Amino acid sequence: MIGLIDCNNFYASCERVFNPELEGKPIGILSNNDGCVIARSNELKPLVPMAMPAFKIPPHIKKQITLLSSNYELYGDMSQRVFSIVQDYIIDTELYSIDEAFLHLQHQRNPVEYCRNLRKIIRQSTGIPVCVGIAPTRTLAKIANHIAKKKVGSQGVYYLDPNASDFIEQLEQLPISEIWGIGRQLSAKLSNMGIRTAWQLRNFDAHFIGKQFSVVLERTILELRGIACIELEDIHTPKKNIMTSRSFGKATNNIDDLHDVIRLHASRGAEKLRTQQSLAQAILVFLRTNRFGEQQSQYHPSIVIPLLYPTNDTRHIITAAQEGVCRIFKEDYSYQKAGVMMLDIVDQNKRQLDFFSQTEDTETKTRSNQLMSTLDTINKKMGRNTISFGGINTNAQWNLKRDLLSQRYTTRWDELPVVKMM
DNA sequence: TGGGAAACT
DNA sequence: AGTTTCC
């Protein structure tokens, strides 16, 4: 049996733990640069649609709601607290995202009661409300979680049994857009074919769907029938390309600024390569003007820089990225976003030795690995960017705009919550 | 008016 | 290599 544990309105709940006045009120969390709404409390859901740009929220609604910048340092730390409890209780746990994990429930005599208890413990020790869905497949467990969140009397845990009498009814009530892996476009296409509910999809010709759409959707149908065929290995396999990019708080046409930004993205990309034990054989650097600035001239250049040999050494990747910036930069444009992508990624442990390609000599390679792992160890222990190449300019104008940021209550000594005793 | 990855064309 | 799709 598979369980899916999911934190309720996770970002909003994190904010409420440290600011209980927000309890019961409509609150929304904004994306980077305070752009659009990416998380909503239940109270906000009827007022503001998902992903609405903050500036498009009507003023009469805006004044009755609370908006906050995203505080990933807080959410990341709260996530660790929640899931370290989960992992203590259920050994076989697969973290899926910042607020979700799959659980393998094999050894529990009564999984529903077990998860209700786990839920109480998490609530008590972290303040975060969670729900658990239980079913034979991941797709059904997701649906079960959805039901657990809505159904009164579920006490936060719901078991969706394909053989139970309510199974058909539950799937008939569920629009296909709520199914894991089915987004807007796909639901529109399926809807045109007359498929609107999860129950209709479950009964459709899976093979035909596989041909017409994708194997992923075919598997979804099998999963709806209770046949487990989506493994999490599909999710935890190493990335084939790795992107780091960010919009600027304020546009810039200063090449020094752009070099700073690109150096940061290059370092992050190299770090990501190392954590999944990979090497890149090329990188892509891109810049772009503000695509919503209709009156300004647009420029979206990108360039692929091949690397001399497969590497995850920050120094090599920075050098290549800086060269990329120089080659695509034109000073008559004002840039709003920049990024670096790691390309042609290979496994560092079974690197193919091509007779014709250059490789580093073994000693250089060993020293590079030692330096990088020392760097990673220190940064992991002391916090990101404790050691970096060329320093971090925290006051640069391209830094994120985050005007509505709450405190980083759990990870900064100078931002701890203060309790007043009367 | 986000960031990221993969599939598709 | 650029576009679309999804989360």
Side-chain angles (χ1 to χ4, degrees), chain A residues 4 6 10-11 28-40 48-58 62 67-72 75-76 96-100 138-139 142 145-146 176-190 210-220 230 234-251 261 264-265 268-269 271-273 275-276 278 280 282-286 288-294 300-306 328 336-345 398-402 404:
Chain A
L4 188 263
D6 186 304
F10 182 54
Y11 296 174
I29 315 300
L30 301 172
S31 64
N32 279 339
N33 290 310
D34 296 341
C36 46
V37 178
I38 54 164
R40 302 165 298 164
V48 176
M50 192 61 170
M52 177 178 258
F55 77 91
K56 277 192 184 169
I57 300 173
K62 209 166 188 170
L67 293 176
L68 294 164
S69 304
S70 34
N71 187 342
Y72 284 107
Y75 313 149
Y96 178 56
S97 72
I98 194 167
D99 71 333
E100 283 171 276
R138 295 176 198 283
T139 304
K142 277 259 187 187
N145 188 284
H146 186 83
I176 44 171
S177 58
E178 304 285 336
I179 300 170
W180 189 30
I182 301 186
R184 241 199 0 254
Q185 310 286 339
L186 217 45
S187 20
K189 280 180 199 156
L190 290 168
K211 290 272 175 230
Q212 204 71 187
F213 292 87
S214 68
V215 279
V216 179
L217 191 54
E218 183 178 352
R219 286 190 192 157
T220 298
I230 298 179
D234 301 336
I235 295 154
H236 286 309
T237 46
K239 312 274 182 264
K240 293 173 182 160
N241 51 54
I242 293 173
M243 154 115 105
T244 59
S245 72
R246 201 123 304 178
S247 306
F248 306 151
K250 194 163 176 282
V261 175
L264 227 53
H265 290 314
R268 274 296 295 143
E271 275 169 32
K272 289 183 186 176
L273 281 174
T275 56
Q276 68 162 40
S278 299
I283 64 165
L284 178 145
V285 180
F286 76 87
R288 68 167 13 176
T289 49
N290 182 357
R291 62 195 173 113
F292 296 104
E294 282 164 24
H300 299 167
S302 71
I303 188 170
V304 174
I305 309 277
I328 57 179
Q336 186 70 41
K337 185 172 181 175
V340 176
M341 217 186 291
M342 305 295 119
L343 303 175
D344 300 337
I345 291 177
W398 46 263
N399 272 330
L400 283 184
K401 181 176 162 218
R402 294 197 294 188
L404 307 167

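When reading the values below, keep in mind they use all heavy atoms of this one structure, side chains included, and skip hydrogens, waters and symmetry mates. Note on naming: letters A, B, ... go to the chains in the order of the sequence lines (proteins, then strands), and numbering restarts at 1 for each one. Just so it is clear, the structure is predicted and the values come from calculations on it, not from any experiment.
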In this structure, how many angstroms lie between the [atom2] atom of [N] and the [atom1] atom of [X], rounded?
X	N	atom1	atom2	value
Tyr72(A)	dG3(B)	OH	C1'	8 Å
Met50(A)	dT1(B)	CE	P	17 Å
Asp344(A)	dA6(B)	CG	C1'	15 Å
Tyr11(A)	dG3(B)	OH	C1'	10 Å
Met243(A)	dG2(B)	CE	P	12 Å
Leu273(A)	dG4(B)	CG	C1'	15 Å
Leu284(A)	dT3(C)	CG	P	13 Å
Met342(A)	dG3(B)	CE	C1'	15 Å

ask   = Less than 4.5 Å apart, any side-chain heavy atom of Gln276(A) and any of Ile242(A)?
value = yes
query = Rounded to the nearest 0.5 Å, what separation is found between the CZ atom of Arg402(A) and the CG atom of Leu68(A)?
reply = 12.5 Å
task = List the atom of Phe213(A), the atom of Leu186(A), and the distance in Å for their closest heavy-atom pair.
result =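 Shortest heavy-atom separation between Phe213(A) and Leu186(A) comes out as CD2-CD1, 3.7 Å.
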Donor-acceptor under 3.5 Å ([X] side chain, [Y] main chain):
X	Y	result
Gln336(A)	Phe248(A)	yes
Thr244(A)	His265(A)	yes
Ser70(A)	Ile29(A)	no
Asn33(A)	Lys401(A)	yes
Ser245(A)	Ala338(A)	no

message = Go nucleotide by nucleotide along DNA chain B from the 5' end; which of Ser245(A) and Gly35(A) gets its closest nucleotide reached first?
response = Gly35(A)
message = Using heavy-atom distances to pick each residue's nearest nucleotide on DNA chain B, tell me which of Met341(A) and Arg291(A) is more 5'.
response = Arg291(A)
ask   = What nucleic acid atoms does Ser70(A) come within less than 4.0 Å of, heavy atoms only: base, sugar-phosphate, or nothing?
value =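 Counting heavy atoms under 4.0 Å across all strands, no contact is made by Ser70(A).
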inquiry  = For the P atoms, the ones on dT1(B) and on dC7(C), what distance do you get once it is rounded to whole angstrom?
reply    = 24 Å
Pairs under 3.5 Å (N/O, protein and nucleotides 4-7 of chain C):
from	atom 1	to	atom 2	distance (Å)
dC6(C)	OP1	Leu186(A)	N	2.8
dC6(C)	OP2	Gln185(A)	N	2.9
dC7(C)	OP1	Gly181(A)	N	2.8
dC7(C)	OP1	Ile182(A)	N	3.0

task = Take the angle between the ring planes of Trp180(A) and Tyr96(A) and call it parallel below 30°, perpendicular above 60°, tilted in between.
result = perpendicular
Proximal nucleotide (of [options]) relative to the [X] side chain:
X	options	value
Asn241(A)	dT1(B), dA5(B), dG3(B)	dA5(B)
Lys272(A)	dA6(B), dG2(B), dG4(B)	dG4(B)
Gln336(A)	dA5(B), dG2(B), dT1(B)	dT1(B)

query = Closer than 4.0 Å, any side-chain N/O of Lys337(A) to the OP1 or OP2 of dG2(B)?
reply = no
query = Does dT1(B) have Phe55(A) stacked on its base, where the ring centres are within less than 5.5 Å and the planes differ by under 30°?
reply =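 Not stacked by the 5.5 Å and 30° rule.
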What's touching nucleotides 7-9 of chain B from the protein side, N or O pairs under 3.5 Å?
none

task = For Glu271(A), check salt bridge (Lys or Arg N to Asp or Glu O under 4.0 Å) against everything at least two apart and list the hits.
result =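 Partners of Glu271(A) under the salt bridge (Lys or Arg N to Asp or Glu O under 4.0 Å) test: Arg268(A).
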